[in-house]
Amino acid sequence: MLDLFDYAEDKDVKNREPLAARMRPETLEEYVGQEQIIAPGKLLYRAIKADRLSSIILYGPPGTGKTTLAHVIANSTSAAFEQVNATTAGKKDLEDVVKHADYRLKAEGKRTILFIDEIHRFNKAQQDYLLPFVENGTLILIGATTENPYFEVNGALLSRSRIFELKPLSKENVLTILKRAAEDPIKGVAGDNVTLSDEAADFLADMAQGDARAALNALELAVLTTDRSDDGYIHIGIEEAQECIQKKAVRYDKDGDNHYDTISAFIKSMRGSDPDAALYYLARMLNAGEDVKFIARRIMIAASEECGNADPRALEVAVAASLAVERVGMPESAIILANAAVYVATAPKSNASSQGIFKAMAEVEKSGSLPIPSYLKDAHYKSAEKLGHGTGYKYAHDYPHHYVNQQYLPDEIKNMKFYEISDEAYEARLQKYFDFIGKKDYGKEKKK
């Protein structure tokens, strides 16, 4: 039985908990974000609701709700719930959990869920120890990791678990959580007579970069370090929000002119071969909390449109950067994006390919689907020979230098040029190759 001293101590501990811990939802209905896996009707939602959970691995960046989701499961299940942190737990801790789980299952018929935070920090031997107990049903495992589980978690454990990837929360998700904390008089800060302005909430949500814990920690710091006004309230406005996060609010509306003006300046700086300006506008976007995947997409487009075949590697670098930022996240993604932006800015430029496709698309729009020369048509189906399809086609690899002079465009536009090759970098080498094989007509329409 809980006596008055225990109750007072328990209440005091809860009051001393960080705001992020106090604001953890207790039910699925209170959970915010991760709709791709936890919305009504989704597999994980149904499994939790039906109390039929099997072993799972929750994978995603910090502050996206992995531990929170584990606690929601704990509140929603009839199974016993045990939790360990892989940074501090050893084999003895696991043995104790298994011993109690085995007793519950045999004596009470009750299952045990074991939540392991940062499971990637367990070594192979520790992960191997869990295998037989997960396999025979003594334990239902919930592992949480910020690292790719396919690299960091034992393959045998993975094969017995379903992996759910959690994404960074949307700005709207973080705003919902912040406003809930500001308005909740019990678990939040409303009971301390705190007000949070819309501008401050918007700023904190932007700066959090999809991390709800970071947003709540910033709000709590603002509350703790701001004096009460004469009206008895602690007012958290944009200045207090900036102060607690040590970052100025950049004038940048992701849905307004600033968004489009800044990305336009960024692209034009790369096109104009100015790496300093490209880095400056990149820094402004990152400082304002712009989505790194959006920035990476723009760099890929610029690499193809502005560099083209003058430097085909520019697109390779941009695509690699796009894949990397999805796996790494901020703040390290800033370095990856900077490398890609500088590469594109300093690479040789040619828009011959991009202008060529626009010209070709305009011609298709104008002339429609012109007849394809019969010798270029597919000759593999049954009646192709009777129709003359493929007859007279010259196979390029049968000729010197793997080239033969042959008409490929429809008759009506056979002399049109769409790709007007430049003299720049790799395209200059292409022109030399065309000259070498006798395709000299490309040199006649080069851009000056």
>> side-chain contact (heavy atoms from CB on, under 4.5 Å), that's the test. Do Arg298 and Ile267 meet it? Break it down for me.
In response: CA-CA 7 Å; Arg298 303 314 301 180; Ile267 292 166; 3.7 Å; yes

>> Can you tell me how far apart CD1 (Ile142) and CG (Asp117) are? Round to the nearest 0.5 Å.
In response: 11.0 Å

> Going through the distances and angles, do Asn85 and Thr88 end up as a side chain to side chain donor-acceptor pair (under 3.5 Å)?
Replying inline: CA-CA 6 Å; Asn85 190 302; Thr88 56; 4.8 Å; no

>> Minimum heavy-atom separation for Arg22 and Gly188, please, with both atom names.
In response: NH2-O, 3.7 Å

> Are side-chain heavy atoms of Ile116 and Leu130 found at a separation under 4.5 Å?
Replying inline: yes

>> Between Asn351 and Ser354, do the side chains contain a donor N or O and an acceptor N or O under 3.5 Å apart?
In response: no

> Passes salt bridge (charged side-chain N to carboxylate O under 4.0 Å, His left out), Lys49 versus Glu29? Steps please.
Replying inline: CA-CA 11 Å; Lys49 279 291 188 181; Glu29 289 69 29; 2.8 Å; yes

>> So which atom in Pro275 and which in Thr346 form the shortest heavy-atom distance, rounded to 0.1 Å?
In response: CG-CG2, 3.9 Å

>> A side-chain contact here means heavy atoms from C-beta on lying under 4.5 Å apart; do His120 and Glu118 qualify?
In response: yes

> What do the steps show when you test Gln242 against Glu240 for side chain to side chain donor-acceptor pair (under 3.5 Å), and what is the final call?
Replying inline: CA-CA 5 Å; Gln242 289 173 175; Glu240 290 76 18; over 6 Å; no

> If you look only at pairs with a residue in residues 190-204, which of them pass as a salt bridge (Lys or Arg N to Asp or Glu O under 4.0 Å), with sequence neighbours excluded?
Replying inline: Lys171-Asp202

> Got more than 12 heavy atoms from elsewhere within 6.0 Å of CE, Met361?
Replying inline: no

> Going through the distances and angles, do Ile48 and Leu69 end up as a side-chain contact (heavy atoms from CB on, under 4.5 Å)?
Replying inline: CA-CA 10 Å; Ile48 296 170; Leu69 184 52; 4.3 Å; yes

>> So Ile37 and Lys42, do their side chains get closer than 4.5 Å, heavy atoms only?
In response: no

> Side chains of Met270 and Glu306: closer than 4.5 Å at any heavy-atom pair?
Replying inline: no

>> To check you understand the geometry: which heavy-atom pair defines the closest contact between Ser269 and Ala265, and what is its length?
In response: OG-O, 2.7 Å

>> To the nearest 0.5 Å, what is the distance between CE on Met285 and CZ on Phe266?
In response: 4.5 Å

> Going through the checks in order, is the side-chain contact (heavy atoms from CB on, under 4.5 Å) test met by Leu286 and Leu337?
Replying inline: CA-CA 10 Å; Leu286 292 173; Leu337 292 171; 4.1 Å; yes

> Less than 4.5 Å apart, any side-chain heavy atom of Val72 and any of Ile38?
Replying inline: no

>> Just checking Leu370: does its CG atom have more than 12 heavy atoms from other residues, nucleotides or ligands closer to it than 6.0 angstrom?
In response: yes

> In a check of side-chain hydrogen bond (donor to acceptor under 3.5 Å, both in side chains) between His235 and each of Thr195, Thr226, Asp227, Asn193, which one passes?
Replying inline: Thr195

>> Under the criterion side-chain contact (heavy atoms from CB on, under 4.5 Å), I'd like the reasoning laid out for Ser350 against Asn309: C-alpha separation, chi angles, the key distance, then a yes or no.
In response: CA-CA 7 Å; Ser350 170; Asn309 281 333; over 6 Å; no

Scan the side chains in residues 210-220 for donor-acceptor partners under 3.5 Å anywhere in the protein, sequence neighbours excluded, and list what turns up.
unit_1, atom_1, unit_2, atom_2, d
Asp211, OD1, Arg213, N, 3.0
Asp211, OD1, Ala214, N, 3.0
Asn217, ND2, Arg213, O, 3.4
Glu220, OE1, Leu19, N, 3.2
Glu220, OE2, Leu19, N, 3.1

> Distance from Asp128 atom CG to Phe122 atom CZ, nearest 0.5 Å?
Replying inline: 12.0 Å

> Taking Lys66 for the side chain and Gly143 for the main chain, is one N or O donor matched with an acceptor at less than 3.5 Å?
Replying inline: no

> Is Ser55 reaching over with its side chain to a backbone N or O of Leu141, donor-acceptor style, under 3.5 angstrom?
Replying inline: yes

> Which pair of non-hydrogen atoms, one from Leu196 and one from Ala200, has the smallest distance, and what is that distance?
Replying inline: CD1-CB, 3.8 Å

> Which pair of heavy atoms, one from Leu409 and one from Met416, lies closest together, and at what distance?
Replying inline: CD1-O, 3.6 Å

>> Taking the side chain as everything from C-beta on, heavy atoms only, tell me whether Thr27 gets closer than 4.5 Å to Asn75.
In response: no

>> Quick test of your reading: applying salt bridge (Lys or Arg N to Asp or Glu O under 4.0 Å), list the pairs with at least one residue in residues 141-160, sequence neighbours left out, ordered by first then second residue.
In response: Glu135-Arg160

>> Take a 6.0 Å sphere around CD of Gln126 and say whether it holds more than 12 heavy atoms from other residues, nucleotides or ligands.
In response: yes

> Which pair of non-hydrogen atoms, one from Gly65 and one from Leu166, has the smallest distance, and what is that distance?
Replying inline: C-CD2, 3.8 Å

>> Are Ile295 and Val325 packed together at the side-chain level, in the sense that at least one heavy-atom pair is separated by less than 4.5 angstrom?
In response: no

>> Could you measure the distance from the OG atom of Ser54 to the CD1 atom of Ile140? Nearest 0.5 Å is fine.
In response: 8.0 Å

> With distance as the sole test, does Arg46 use its side chain to make a donor-acceptor pair with the main-chain N or O of Gly41 at under 3.5 Å?
Replying inline: yes

Name each donor-acceptor pair under 3.5 Å that joins a side chain in residues 177-184 to protein atoms two or more places apart or in another chain, with its distance.
unit_1, atom_1, unit_2, atom_2, d
Arg180, NH1, Glu30, O, 2.7
Asp184, OD1, Ile186, N, 2.8
Asp184, OD1, Lys187, N, 3.0

> For Glu316, what residues pass the salt bridge (charged side-chain N to carboxylate O under 4.0 Å, His left out) criterion, not counting sequence neighbours?
Replying inline: Arg313

> Among all residues two or more places apart in sequence or in another chain, which pass the side chain to side chain contact (heavy atoms under 4.5 Å, CB included) test with Phe81?
Replying inline: Ala70, Ala74, Gln83, Ile113, Phe115

> In Å and rounded to the nearest 0.5 Å, what is the CD to CD distance from Glu305 to Gln355?
Replying inline: 8.0 Å

>> Just verifying a value: how many Å separate Ser76 OG and His71 NE2, rounded to the nearest 0.5 Å?
In response: 12.5 Å

> If we only count heavy atoms from C-beta on, is the Ile73 to Ile56 side-chain gap below 4.5 Å?
Replying inline: yes

